[in-house]
Every structure is written in C-alpha cells, then in structure tokens.
2 protein chains.
Amino acid sequence: MIVAAAARYFAEVGFSGPTRDLARRVGVTQPLLYKYFASKADLVEAVFARVYLDRLDPGWRALIVDRRRPLRARMVEFYRRYTDAIFTYEWMRIFMFAGLAGENLNARYLEHVRELLMKPLLAEISAAAPARKPDIEDMWSLHGSIIYLGIRKHIYQWPAPDDALPAIERAIDRFLGEFAPAARAVSPEVSPPRASTPPRRARS
Amino acid sequence: MIVAAAARYFAEVGFSGPTRDLARRVGVTQPLLYKYFASKADLVEAVFARVYLDRLDPGWRALIVDRRRPLRARMVEFYRRYTDAIFTYEWMRIFMFAGLAGENLNARYLEHVRELLMKPLLAEISAAAPARKPDIEDMWSLHGSIIYLGIRKHIYQWPAPDDALPAIERAIDRFLGEFAPAARAVSPEVSPPRASTPPRRARS
DNA sequence: TCTTGTATTTATCATCCGATCATTTATTGT
DNA sequence: ACAATAAATGATCGGATGATAAATACAAGA
C-alpha cells in the first residue's frame with residue numbers, strides 16, 4: 001500500500017514531496033514509513049522497482065522477432081502494447097522526474113530498450129529493407145515521435161489524442177514507407193477493424 | 001545577473017531549489033534576492049520570461065512561409081534554427097520542470113508553436129502535397145521525433161548525436177517522402193556541404 | 001487473564017526554507 | 001565635504017522536513 005501510494009504521490013509532486021503528505025494519503029502517520037523503509041531514498045528505490053523493473057518486457061521482444069507475422073503488424077502491436085504499458089501518469093512523470101534528478105534509472109532503462117527492443121526491431125526492418133537500411137538513430141527517431149504523444153499528455157498536460165494507436169500506425173507506415181515499402185499497409189488509410197484488441201487502459 | 005544565474009540554477013535543481021544556494025552562486029546574500037523580486041514565484045516568472053518569451057520566433061514563421069525557397073530547405077533550416085535555440089540545458093530542463101510542476105508555461109508556449117509554426121508548416125506541406133495531406137497530428141509526430149533528441153541529451157542524459165542536423169534532415173525527408181515526394185532531397189544521402197552555416201552552439 | 005512480540009502513534013529533535021526587518025555600507029547629487 | 005538615496009548584510013521568525021525514540025494499541029498464545 002505504501003509503495004503504490006508513493007508511486008502515485010511522487011508522480012504528482014516529485015521526489016521532493018514531503019513524506020508527511022504521503023503518509024496522510026496512505027492513512028498512517030509519517031514515522032511509520034520509516035518502519036518499512038530505512039530512508040526516503042529507499043522508498044524511492046522501491047517505487048522505481050515497482051513502476052519500471054517489474055513491468056519490463058512482457059514478451060515484447062518475442063513479439064518483435066516473430067517472423068511468422070508481417071513486419072508491420074508486429075511493429076504496430078509492439079508499440080500498442082508498449083504504449084499501453086508506459087503511457088500512464090505514473091510511468092511518464094516518474095521517468096521525467098528521475099531524469100531531471102540525475103538518477104541512473106533512465107540510463108539503465110534506455111539501455112535495456114536499446115538492446116532488447118530497438119536493436120531487434122532494427123534487425124527485422126533491415127531484413128525486410130531491400131535498399132536503404134535504417135540505423136539506430138532512425139529507430140530512436142520513430143521511437144521519439146511516438147513517445148512524444150505520452151509526453152504531451154502526461155508531462156505538458158497538453159491535448160493529445162485519446163487513442164494513440166492511429167498516430168502510431170501512421171508513424172510506423174511513414175517509417176516503413178522509407179525503409180521497407182513492401183511491408184507497410186497497402187492503403188494509406190489507418191487502423192483496420194482492430195478485431196481482437198483487448199479493452200484498453202483499464203483505469204484512468 | 002540574478003535572473004541569468006537563476007535560470008541556470010533552476011534548470012539544474014528545479015524550482016524547489018533553495019534560494020540560499022542560488023544567492024551563494026550569484027555571490028550575494030539571500031535576502032538581497034527579495035530586494036529585486038517580491039517572492040520566489042516572481043523570480044521564477046522572470047526566468048520564464050528570459051528563457052522562453054524573449055527568444056521566441058526570431059523570424060521562424062517568415063522563414064517557413066517564404067515560398068521563394070524550396071520546401072525542404074525551409075523545413076530543414078527552420079528546424080536547425082529552432083533546435084539551435086531550444087536544445088540547451090536551460091531551455092529543455094526548465095520546460096520539463098514547468099510541465100511537471102503544472103505551470104501553464106507549457107500550454108502557452110505550445111499554443112504559440114501550434115498557431116505560428118506548426119499550422120503554417122502544415123499549410124506549406126499541404127500546398128506541395130498532391131495526394132495525401134498531413135494533419136496537425138502528423139506535424140506533432142515529426143516535431144516529437146526531433147524534440148526527442150533534445151530530451152535524450154538534456155533530460156535523460158543519454159547519448160545523442162552531437163550534431164542533431166543529420167537526424168533532423170532524415171526525419172524531414174521521411175516525412176516529405178510520405179506527403180510531398182517531389183519536395184524531398186533527390187538523393188537519400190544526408191546533409192550537403194553546409195556552406196554558410198554559422199558556428200553552432202557558441203557556449204556548451 | 002496474563003505475557004510477549006509486533007504494529008502504530010505521540011512527542012520531539014535538529015535542520016532547513018521562504019520571508020521580514022533593522023542596520024550598515026556603498027553610491028550619487030550638490 | 002556632506003546629505004540623501006540605494007544597495008547589501010546580519011539576525012531572525014514561523015513553519016516545514018527528514019529522522020529518531022519512547023510510549024501505546026493490538027493480536028496471538030499460554
């Protein structure tokens with residue numbers, strides 16, 4: 001209960017938020033927090049583990065390298081799942097707070113993303129790209145165009161589409177149009193029926 | 001001197017940084033700050049004005065709508081100038097801190113960007129796009145892919161190219177390849193000589 | 001009911017923070 | 001040289017903050 005409330009709390013106010021306010025939210029007194037965490041930094045570390053390390057890569061990599069499926073479908077579904085996992089108030093804001101505070105969380109996480117997700121994705125596209133092959137910077141460019149949707153919504157609190165999927169599909173199609181035109185959607189139109197999509201974003 | 005030091009200081013530690021440390025940097029005592037600013041919030045507002053409102057749009061819009069020049073050249077030069085202006089430690093981090101703190105700076109600034117930069121850019125591309133026309137979300141997608149370079153460098157402190165220009169050119173060419181193929185660079189190669197480019201990023 | 005160990009609270013410490021005020025030092029005008 | 005004004009400082013206040021220690025509430029087993 002403490003870690004869950006702390007994740008929400010630190011996502012709102014940052015790591016400099018006083019522990020007394022956090023304790024009030026949990027419904028306990030402030031000294032009790034120090035029964036379970038030796039220091040405030042310990043509690044922050046527990047929040048990191050809960051929000052990031054725990055929900056890392058539930059089959060994302062396997063999805064990317066599954067060549068039985070068309071490349072575009074794999075990319076769209078990967079980014080759909082990925083953004084479903086990270087386009088949340090807590091994930092986005094704690095990640096930004098950590099970056100600004102100089103925590104090494106971001107470097108650790110992004111190294112993971114690069115090695116386990118971006119490089120495999122790059123390999124898949126290169127395998128399907130007859131002419132010009134993308135490099136890792138092209139991958140980060142695509143990645144950034146998608147992540148920016150979450151930044152607009154959760155950091156800038158600036159209107160962004162409720163459903164990120166159409167924008168994601170268009171970004172992916174533009175990307176494939178450059179590197180693997182044969183793999184992109186036949187029609188420039190967006191979002192085929194979306195038959196077996198599970199209900200998105202259960203809360204918030 | 002106070003505002004300049006405050007911009008640097010708040011960019012490093014955020015708006016919750018104590019005014020005493022800031023005063024020490026300026027080389028004065030802390031109460032003196034209150035001689036020039038009624039409150040800490042006033043000082044923060046002055047930093048906003050210095051870092052954002054002041055350096056807003058030095059001819060960017062005029063550059064975008066100047067149809068005597070080819071579309072691609074206008075887009076590349078606009079984003080070169082734009083990123084030269086905002087890809088700085090202070091600009092990037094204060095913008096993020098402000099967003100996380102719920103300041104309205106971000107909304108104000110992004111509305112400005114949308115109305116004065118993105119919509120004209122959209123109109124220029126639409127005018128050159130024979131078939132499929134982009135919408136404003138496509139513009140934000142391109143924008144995000146470029147901004148993400150600055151976020152990686154200054155927020156996540158994660159390796160990013162020293163010179164953002166090649167990545168910007170490739171993103172723009174991919175974009176034009178989708179919407180206005182005739183306007184994009186003839187060769188997929190990057191960055192012609194860059195003859196009359198002024199020395200970039202004078203300090204840090 | 002009594003005991004024992006744990007969970008939680010009350011009370012508190014030392015420190016830090018934004019802000020104020022009286023006083024001293026520097027600058028300017030004549 | 002001297003008065004008037006501005007600039008800067010030292011001391012400090014009330015409140016907040018991370019952390020600690022002692023006291024109390026609570027549950028389980030005898």
Side-chain angles (χ1 to χ4, degrees), chain A residues 1-53 89-90 93-106, chain B residues 1-54 89-90 93-106 108:
Chain A
M1 284 176 61
I2 291 176
V3 173
R8 179 74 196 183
Y9 176 68
F10 289 138
E12 284 179 26
V13 305
F15 304 124
S16 59
T19 55
R20 278 173 177 79
D21 291 353
L22 166 60
R24 192 176 311 124
R25 289 204 188 188
V26 189
V28 299
T29 54
Q30 178 251 1
L32 187 62
L33 303 179
Y34 287 82
K35 198 82 180 186
Y36 296 95
F37 302 94
S39 69
K40 190 180 178 180
D42 266 28
L43 176 53
V44 168
E45 197 61 37
V47 168
F48 285 172
R50 157 80 65 113
V51 177
Y52 299 94
L53 310 182
Y89 188 85
E90 294 178 9
R93 293 177 62 95
I94 290 180
F95 200 71
M96 283 294 164
F97 275 121
L100 290 166
E103 301 278 349
N104 66 346
L105 169 74
N106 308 73
Chain B
M1 286 175 61
I2 291 175
V3 173
R8 180 74 195 184
Y9 176 69
F10 289 138
E12 284 180 27
V13 305
F15 304 123
S16 59
T19 55
R20 279 174 174 80
D21 290 353
L22 167 59
R24 192 176 311 122
R25 289 205 187 186
V26 188
V28 298
T29 55
Q30 178 250 4
L32 187 62
L33 303 180
Y34 287 83
K35 199 87 176 181
Y36 297 95
F37 302 94
S39 67
K40 189 180 179 180
D42 266 27
L43 176 53
V44 169
E45 198 61 35
V47 169
F48 285 172
R50 157 80 64 115
V51 177
Y52 300 94
L53 309 181
D54 281 2
Y89 187 86
E90 294 177 8
R93 292 177 60 96
I94 290 180
F95 200 71
M96 284 294 165
F97 274 122
L100 290 166
E103 301 277 348
N104 64 347
L105 169 74
N106 307 73
R108 274 189 289 160

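Reminder, nothing fancy here: chain letters follow the sequence lines and each chain counts from 1. Values below: every heavy atom of this structure, side chains too, minus hydrogens, waters and symmetry copies.
Distance check, rounded to the nearest 0.5 Å: CG of B/L33 to NZ of B/K35 gives 12.5 Å. Distance check: B/Y34 OH to B/L43 CG gives 8.5 Å after rounding to the nearest 0.5 Å. Summarising the geometry, atom CD1 belonging to B/I94 is positioned 11.0 Å from atom CG belonging to A/L100; distances are rounded to the nearest 0.5 Å.
Among pairs with a residue in residues 37-53 of chain A, none fulfils side-chain hydrogen bond (donor to acceptor under 3.5 Å, both in side chains), at least two apart in sequence or across chains. Judged as a ring pair (Phe, Tyr, Trp, His ring centres under 6.0 Å), the pairs with a partner in residues 2-31 of chain A (not counting sequence neighbours) are, in order, A/F10-A/F15, A/F15-A/F48. Counting only residues at least two apart or on different chains, no salt bridge (charged side-chain N to carboxylate O under 4.0 Å, His left out) pair has a member in residues 93-106 of chain B. Applying the side-chain hydrogen bond (donor to acceptor under 3.5 Å, both in side chains) test to pairs two or more places apart or on separate chains, those with a residue in residues 10-32 of chain A are A/R8-A/E12, A/E12-A/R25, A/T19-A/Q30, A/D21-A/R24.
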Kindly give the atom pairs (protein nitrogen or oxygen, nucleotide nitrogen or oxygen) under 3.5 Å for nucleotides 22-25 of chain D.
none

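Between B/Y36 and D/dA8 there is a side-chain N or O to OP1 or OP2 distance below 4.0 Å.
One can place CG of A/L43 at 15 Å from C1' of D/dT17, the figure rounded to the nearest angstrom. We find that CZ of A/F37 is positioned 16 Å from C1' of C/dT8, with the value rounded to whole Å. Spacing between atom CG of A/D42 and atom P of D/dG18 amounts to 14 Å, rounded to whole angstrom units.
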Treating primed atoms plus P, OP1 and OP2 as sugar-phosphate and everything else as base, which nucleotides of nucleotides 10-20 of chain C get B, S or - for protein heavy atoms under 4.0 Å? BBB----BBBB
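With sequence neighbours excluded, no residue forms a ring pair (Phe, Tyr, Trp, His ring centres under 6.0 Å) with B/F37.
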